[in-house]
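In what follows, a structure is listed as structure tokens, so that the remarks can point back to it.
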Amino acid sequence: MKKRKRDGGKITFLVIREANRKVIRFRLSAVLLYLIPLVGLSVACLALYLHAENLKIRLEKEQLATELRLRTAAYKQAIDLKNVTIEHLREEILDLAARSDEVRSKVRQLEQLERQIRNVADGELSSEELERLATGATSGGGQRTVSISSYVEDRDDGGMGGLLYPADPDDPEAMAAVAKSDFTELDRRITRLLDDLSIAREDLIAYLHKQRVTPSFWPTESSRVTSSFGYRKDPFTRRTAFHAGIDIAGRSGDPVYAAADGVVTEAGYDRGQGYYVTIRHEGGLKTNYFHLRKYLVKKGQRVEQGEQIGLLGSTGRSTGPHLHFEVVENGKNVDPMTYLDQGKKE
């Protein structure tokens, strides 16, 4: 039991314990006694403040953790997007590499075609090779022509222009798309050029082959025609007669050339024609070479355009050294100058 009494601003406390036990007495200052509740209240306030600060710190930690989780998720999403972009770019690069291989292959084909066309144009192919190529070139259909006007835009000596739109280095997909589009356009143009060059090659081969089998090559060194095709006064009878060819004057022993590729069907002597050679060509054409001093080919021999087949002379029914040259078209004599003038123009 406690007992309290006032004594000079002090309070005495008695602590009475069980019977037969000593009573405990102590005194405290009244000020101290009043301070104890204040201290307790202060401690309680401090505890509340610390608890509030602890809650605040905990909330801040939770907010930071939430923000960190959100940023981590955003970073992860960005990384995933970048990975997808990288994978897409890798596929685009592989596709561009494949396109690059295709373009290189087509460029090699273009180079090969260029060499073939150059060889054909330079006359480096034999008549057999030219005939074989021409047969393959014309077997697919009729004559085709190539226009180069569609390639004007491909030349690099023309004008250029347009507004400036700098490339965005942060948008590699757009740059890859542009590169892919450029490759696609380049591949399209090369494919078109390759097709047209192939057609041009076939047309050139066919044209040159046609020229080779057409009697357009002048058959002598001299170009002086002394008697043309058609009706004339015969040099022996002085009567009007039909002249089935042309007479080309020259010196005895001058070379006589085949006017076109063909096969010798006759090579011999005749009283009127003298020593002569007859060559069969493609397209129902035939050429005759009369009054030769000597023939240098034999029957069944294949000759090429411009190849020497004899020597100019004055054998047979002749008034002097000259070559009587005839062109027979489907069994009918035609004016040789029609073909020879064409060869001169070419």
Side-chain angles (χ1 to χ4, degrees), residues 116 118-138 204-225 229 244-270 273-316 318 321-329 333-346:
Q116 291 178 352
R118 186 182 298 276
N119 289 338
V120 172
D122 292 343
E124 297 182 6
L125 298 180
S126 65
S127 61
E128 289 84 359
E129 292 174 326
L130 194 58
E131 181 178 2
R132 175 175 54 81
L133 291 174
T135 302
T138 57
L204 177 61
I205 290 172
Y207 171 77
L208 291 181
H209 175 70
K210 182 179 179 181
Q211 290 298 106
R212 291 285 293 266
V213 299
T214 301
S216 57
F217 189 87
W218 194 265
T220 62
E221 295 288 338
S222 170
S223 59
R224 184 164 64 93
V225 177
F229 177 84
I246 61 173
D247 290 338
I248 307 173
R251 295 177 300 181
S252 181
D254 282 351
V256 174
Y257 306 108
D261 292 356
V263 178
V264 177
T265 57
E266 296 182 48
Y269 181 82
D270 179 85
Q273 300 167 356
Y275 289 107
Y276 71 95
V277 171
T278 298
I279 302 176
R280 184 184 72 249
H281 312 285
E282 291 184 12
L285 294 173
K286 184 173 66 174
T287 52
N288 295 319
Y289 310 78
F290 296 165
H291 309 305
L292 301 177
R293 175 178 172 181
K294 181 180 181 181
Y295 56 83
L296 303 177
V297 292
K298 59 184 179 179
K299 184 178 180 179
Q301 180 178 340
R302 184 174 186 84
V303 294
E304 295 186 359
Q305 186 179 64
E307 181 178 345
Q308 185 175 352
I309 60 173
L311 302 177
L312 187 143
S314 184
T315 60
S318 171
H322 75 284
L323 171 69
H324 175 85
F325 176 67
E326 295 181 355
V327 174
V328 181
E329 185 179 286
N333 284 78
V334 296
D335 189 355
M337 294 304 297
T338 303
Y339 291 95
L340 295 178
D341 284 341
Q342 179 183 354
K344 287 181 178 180
K345 292 178 183 178
E346 296 300 335

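- Using the six-membered ring where Trp is involved, Tyr276 and Phe290 have ring planes that are perpendicular, over 60° apart on the 30 and 60° scheme.
- Shown here for Ile246 and Pro336, the closest heavy-atom pair between the two residues is CG2-CD, 4.0 Å.
- Between the CD1 atom in Ile309 and the CD1 atom in Ile279 there is a gap of 4.0 Å [rounded to 0.5 Å].
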Next on the checklist: Run Trp218 and Ile248 through side chain to side chain contact (heavy atoms under 4.5 Å, CB included) and show every step you take.
Outcome noted: CA-CA 10 Å; Trp218 194 265; Ile248 307 173; 3.7 Å; yes

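- For Gln305, the side-chain contact (heavy atoms from CB on, under 4.5 Å) criterion is met by Arg212, Ser216, Phe217, Ala260, Asp261, not counting sequence neighbours.
- Rounding to the nearest 0.5 Å gives a distance of 11.5 Å between CG of Leu292 and NE2 of His324.
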Item to check | Residue pair Asp335, Val327: steps toward the side chain to side chain contact (heavy atoms under 4.5 Å, CB included) verdict | outcome: CA-CA 7 Å; Asp335 189 355; Val327 174; over 6 Å; no

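- In terms of the side-chain contact (heavy atoms from CB on, under 4.5 Å) criterion, residue partners of Arg251 (sequence neighbours excluded) are, by chain and number, Asp254.
- The two residues Val297 and Gln308 make their nearest non-hydrogen contact at CG1-O, 4.5 Å.
- Put simply, the side chain of Gln273 does not reach to within 4.5 Å of the side chain of Glu326, judged on heavy atoms.
- The closest side-chain heavy-atom distance from Tyr295 to Val264 is not below 4.5 Å.
- Separating the OH atom in Tyr257 from the CZ atom in Phe325 is a distance of 14.0 Å, to the nearest 0.5 Å.
- Atom CD of residue Glu266 and atom CZ of residue Arg280 lie 11.0 Å apart, to the nearest 0.5 angstrom.
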Item to check | Intermediate values then yes/no, side chain to side chain contact (heavy atoms under 4.5 Å, CB included), Leu285 and Tyr339 | outcome: CA-CA 11 Å; Leu285 294 173; Tyr339 291 95; 3.5 Å; yes

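- Summarising the geometry of Asn333 relative to Ala244, their closest heavy-atom pair is ND2-O, 3.2 Å, with the distance given to 0.1 Å.
- Remark: Lys294 pairs with Leu296, Leu311 by the side-chain contact (heavy atoms from CB on, under 4.5 Å) rule, at least two apart or across chains.
- Scanning both residues, Arg293 and Leu312, for their nearest heavy atoms gives CB-O, 3.4 Å.
- Here the CD atom belonging to Glu329 is positioned 12.0 Å from the NE2 atom belonging to His281, to the nearest 0.5 angstrom.
- The main-chain N or O of Ala249 is found under 3.5 Å from a side-chain atom of Ser222 such that the two form a donor-acceptor pair.
- The two atoms that bring His291 and Ser318 nearest to each other are ND1-CB, 4.0 Å, heavy atoms only.
- Looking at every heavy atom in both residues, Pro321 comes nearest to Ser252 through CB-N, 3.9 Å.
- Side chains of Val277 and Val256 form no contact here, defined as non-hydrogen atoms less than 4.5 Å apart.
- From Thr278, atom OG1 reaches atom OH of Tyr289 across 9.0 Å, with rounding to the nearest 0.5 Å.
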